[in-house]
Each structure stands twice: as structure tokens, then as C-alpha cells.
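Structure record follows, encoded as C-alpha cells.
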Amino acid sequence: MDETVSEFFRRTILKIPLTEMMTILKTWNFLSENQLQTVNFRQRKESLVQDLVLLCEENRASLNDAALLDIICEDTDLFDMEQFKSSFKKILKRALKNVTVSFRDAEENAVWIRIAWGTQYRKPNQYKPAYVVYYSQTPYAFTSSSQLKSNLPLLGQALTIASKHHQIVKMDLRSRYLDSLKAIVFKQYNQTFETHNSTTPLQERSLGLDINMDSRIIHENKTEKERVQRVTQEIFGDYPQPRLEFAQYKLETKFKSDLNGGILAEREEPLRCLVKFSSPHLLEALKSLAPAGIADAPLSPLLTCIPNKGMNYFKIRDK
């Protein structure tokens with residue numbers, strides 16, 4: 001790839017908003033999913049652009065590939081936010097007479113929507129509104145909890161039609177912190193192993209060892225603590241985690257035993273249980289478990305996969 005094509009790619013990628021970067025790159029479909037997973041979308045934009053240009057060079061991208069990416073970006077620029085607002089409001093008004101909708105434009109091509117729901121016979125309750133944040137040209141919207149959950153299908157329909165997407169993605173992901181939700185959904189949070197933020201080599205970090213301890217025990221403890229720190233860093237990275245307050249796991253399983261008979265063995269209904277982990281900052285708490293000696297390293301993938309899967313509600317069933 002010559003310098004002219006490389007510069008064209010650099011300028012084209014540079015004008016893509018960060019919130020739309022992953023969506024546009026997937027629409028372009030030139031870089032593989034595995035390649036995109038190796039990219040840190042949380043770094044400075046200039047560095048991000050450079051990494052993406054290098055991937056394009058690896059794939060031997062041509063001027064036609066760059067032109068196609070530019071066309072996709074132009075299509076994104078044609079999105080009419082005012083048309084979206086008008087269409088969204090009309091859809092809700094047609095379906096439900098007693099509803100008030102207000103908009104406020106935000107940064108990064110986002111719009112805040114305030115919805116006061118009513119019913120066919122009651123005026124909108126202005127004291128208990130629902131809030132929605134929609135990012136243009138994406139299939140994602142972030143919603144606050146609503147008293148009238150029966151209106152959620154209508155809300156999803158209005159977002160789908162007004163945004164001109166085939167569907168609005170429903171994710172089992174909840175948090176009080178919009179920035180953290182946005183980082184997870186738009187892959188601005190990267191779980192791959194990183195060391196560029198770390199200024200102290202691993203072997204030089206304080207391991208909290210007792211200098212009066214037997215030298216053989218010190219060596220064994222030091223080796224194990226270094227292993228735990230290395231594994232933890234490989235899984236969580238060396239940067240702040242998105243802020244979630246809980247993770248919930250619903251388990252359904254049949255009782256299994258090599259012994260014949262028994263009340264539980266004859267039970268046809270599966271055994272059900274609910275496990276919930278909660279913390280003011282759950283992912284940081286999970287990240288600290290193994291280094292603190294509270295849990296073995298590595299932690300279960302069910303705990304470490306939360307940002308990568310974009311969910312903190314899980315249902316686990318027997319295969």
C-alpha cells in the first residue's frame with residue numbers, strides 16, 4: 001500500500017466519530033472480527049487510527065477499499081437527527097395519545113430523550129419520566145428504568161423505525177453509569193493484554209513479602225504472586241475497568257448421581273438458584289480478588305467475560 005492510499009485511509013478513519021467507529025468498520029467488512037478484537041479502541045484517536053491503518057496495510061488494502069470506506073462514512077454523515085426526532089415522536093403519538101416527548105442534543109452525535117408516559121385515559125406522569133440516550137447510526141439505545149414496562153415494545157419499535165435500523169439490539173447489561181455502558185457496547189473498552197500504561201516492570205513491583213521469612217518460602221511466594229499478577233493483568237488489562245454494580249447468574253440444572261433412586265433424582269423439574277455479585281465497582285473488585293489471595297487465578301470465565309460479552313445477566317442451563 002503506497003503512501004497516497006495510506007494517507008487517504010488515515011484521513012478517512014480520522015473523521016469517524018469514536019462512538020460509530022466499530023459500527024462503520026463492521027459495515028465495511030474489510031477487517032476481520034479477530035483483527036478488530038486486537039485493537040484498543042480506548043486509546044488516543046491518533047494512535048487508534050495508526051493501528052487501523054497498519055491492519056489495512058497487512059490486508060493489502062487498495063484505493064477501492066479506501067473509497068468504499070469513505071462512501072460508508074458519507075452515508076453516516078447523511079443521517080438527519082431532526083428527521084429522527086420527528087419520526088420518533090409521531091410513532092409514539094399515534095400509538096399512545098397521552099405521551100410527551102422532549103429532546104436534548106448531546107455530544108458525539110447523541111440525543112437525550114425524555115418520555116413522560118400516560119395511558120389512553122390518564123395524562124402523562126411528568127414526575128416519573130423515562131430517559132433514553134440514542135447514538136445516531138447505531139443499533140443501540142440506553143434506557144432508564146420505567147414504571148410502565150408494557151411500553152417498552154412500543155419504545156423499541158419507535159427507535160427501530162426512526163433510526164432506520166432493522167432492529168435495536170437488546171442486551172442483558174445494566175448499570176447506573178452511562179459512560180461505562182457506552183464503553184462496553186461500543187468496544188471502547190478493550191480486554192486484551194496491555195502494558196503501555198504500566199511504568200513499573202512486573203518484577204520490580206512490591207509483593208509484600210516478609211524479609212525475615214525463609215528464603216525458599218520467599219522465592220515460592222514471589223513466583224506465585226508474580227504469576228497471579230501476570231494472569232490478572234492478561235485478563236483485565238492494566239487500566240480502569242468499566243463501572244458496573246452487579247452481575248446476576250440464574251442456574252437451572254438437573255440432579256445427577258451415580259446412586260439409584262432418591263427424591264432429587266426423581267424430580268422432573270430442574271433445580272433453580274440465583275447467584276448475585278454486587279459491589280460499588282464490581283469489575284475492579286473482581287480484578288483484586290486473586291492478587292489479594294481471596295480467589296485462585298485465573299478467575300472463572302463467567303466472571304471475567306462480562307465486558308467482552310456485554311452482559312451482566314446470565315442464564316446457565318444444562319446442555
Side-chain angles (χ1 to χ4, degrees), residues 13 15-29 31 33 36-37 39-42 45 48 52 72-73 75-89 91-92 101-115 129-146 149 151-191 241-248 283 305-314:
I13 298 173
K15 69 182 182 181
I16 303 174
L18 285 174
T19 54
E20 300 173 15
M21 186 72 73
M22 182 62 75
T23 301
I24 290 177
L25 291 175
K26 285 186 176 180
T27 303
W28 185 37
N29 199 30
L31 301 176
E33 186 70 28
L36 292 177
Q37 288 180 358
V39 178
N40 174 19
F41 286 89
R42 296 181 68 252
K45 194 168 187 179
L48 170 60
L52 291 171
I72 294 172
C73 293
D75 287 342
T76 300
D77 291 340
L78 293 176
F79 180 81
D80 189 336
M81 183 62 80
E82 294 305 316
Q83 184 179 353
F84 166 82
K85 294 176 185 177
S86 175
S87 177
F88 180 84
K89 195 169 186 177
I91 293 167
L92 292 188
V101 183
S102 305
F103 301 94
R104 183 175 70 84
D105 292 332
E107 71 285 347
E108 297 181 334
N109 299 319
V111 59
W112 281 75
I113 309 171
R114 180 186 185 275
I115 306 172
Y131 293 93
V132 180
V133 183
Y134 173 69
Y135 288 84
S136 65
Q137 289 294 290
T138 74
Y140 300 104
F142 304 90
T143 65
S144 65
S145 58
S146 175
K149 297 190 182 299
N151 290 328
L152 288 179
L154 174 59
L155 173 60
Q157 182 183 20
L159 287 168
T160 301
I161 296 173
S163 66
K164 299 180 181 179
H165 272 279
H166 296 297
Q167 65 175 347
I168 295 295
V169 178
K170 182 180 180 181
M171 303 179 71
D172 294 319
L173 180 66
R174 294 185 178 94
S175 174
R176 295 170 55 195
Y177 300 94
L178 178 60
D179 286 344
S180 292
L181 292 174
K182 188 175 66 173
I184 292 173
V185 169
F186 293 126
K187 302 298 182 183
Q188 294 168 347
Y189 165 81
N190 195 316
Q191 257 193 316
Q241 303 297 300
R243 192 163 186 174
L244 303 175
E245 301 87 43
F246 68 92
Q248 182 173 294
L283 294 179
C305 73
I306 293 172
N308 191 38
K309 287 186 176 292
M311 58 193 300
N312 55 354
Y313 278 81
F314 296 85

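Side-chain atoms are counted along with the backbone in the values below, which use heavy atoms only and exclude waters and symmetry mates.
For D172 (side chain) and N312 (main-chain N/O), no donor-acceptor pair under 3.5 Å exists by modelled atom type. Side-chain atoms of T160 come within 3.5 Å of backbone N or O of G156 as a donor-acceptor pair.
Judged as a ring pair (Phe, Tyr, Trp, His ring centres under 6.0 Å), and not counting sequence neighbours, F103 has no contacts.
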- Could you go through the side chain to side chain contact (heavy atoms under 4.5 Å, CB included) check for M311 and I306 one step at a time? CA-CA 6 Å; M311 58 193 300; I306 293 172; over 6 Å; no

- Assess whether side chain to side chain contact (heavy atoms under 4.5 Å, CB included) is satisfied between I115 and N151, documenting all intermediate values. CA-CA 11 Å; I115 306 172; N151 290 328; over 6 Å; no

- Query: Should R174 and Y313 be marked as a side chain to side chain contact (heavy atoms under 4.5 Å, CB included) after you check the CA-CA gap, both sets of side-chain angles, and the distance that decides it?
  - Reply: CA-CA 8 Å; R174 294 185 178 94; Y313 278 81; 2.6 Å; yes

- Message: Run V111 and M81 through side chain to side chain contact (heavy atoms under 4.5 Å, CB included) and show every step you take.
- Response: CA-CA 8 Å; V111 59; M81 183 62 80; 3.8 Å; yes

- Task: Take Y134 and F88, measure what ring pair (Phe, Tyr, Trp, His ring centres under 6.0 Å) needs, and give me the verdict at the end.
- Result: CA-CA 11 Å; Y134 173 69; F88 180 84; 8.8 Å; no

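The number of heavy-atom neighbours closer than 6.0 Å to NZ of K45, taken from other residues, nucleotides and ligands shown, is above 12.
Relative orientation of the Y135 and F142 rings is perpendicular, given thresholds of 30° and 60° on the angle between their planes.
Side-chain contact between Y131 and S145 is absent, with no heavy-atom pair separated by less than 4.5 Å. The shortest side-chain heavy-atom distance between I113 and S102 does not fall under the 4.5 Å cut-off.
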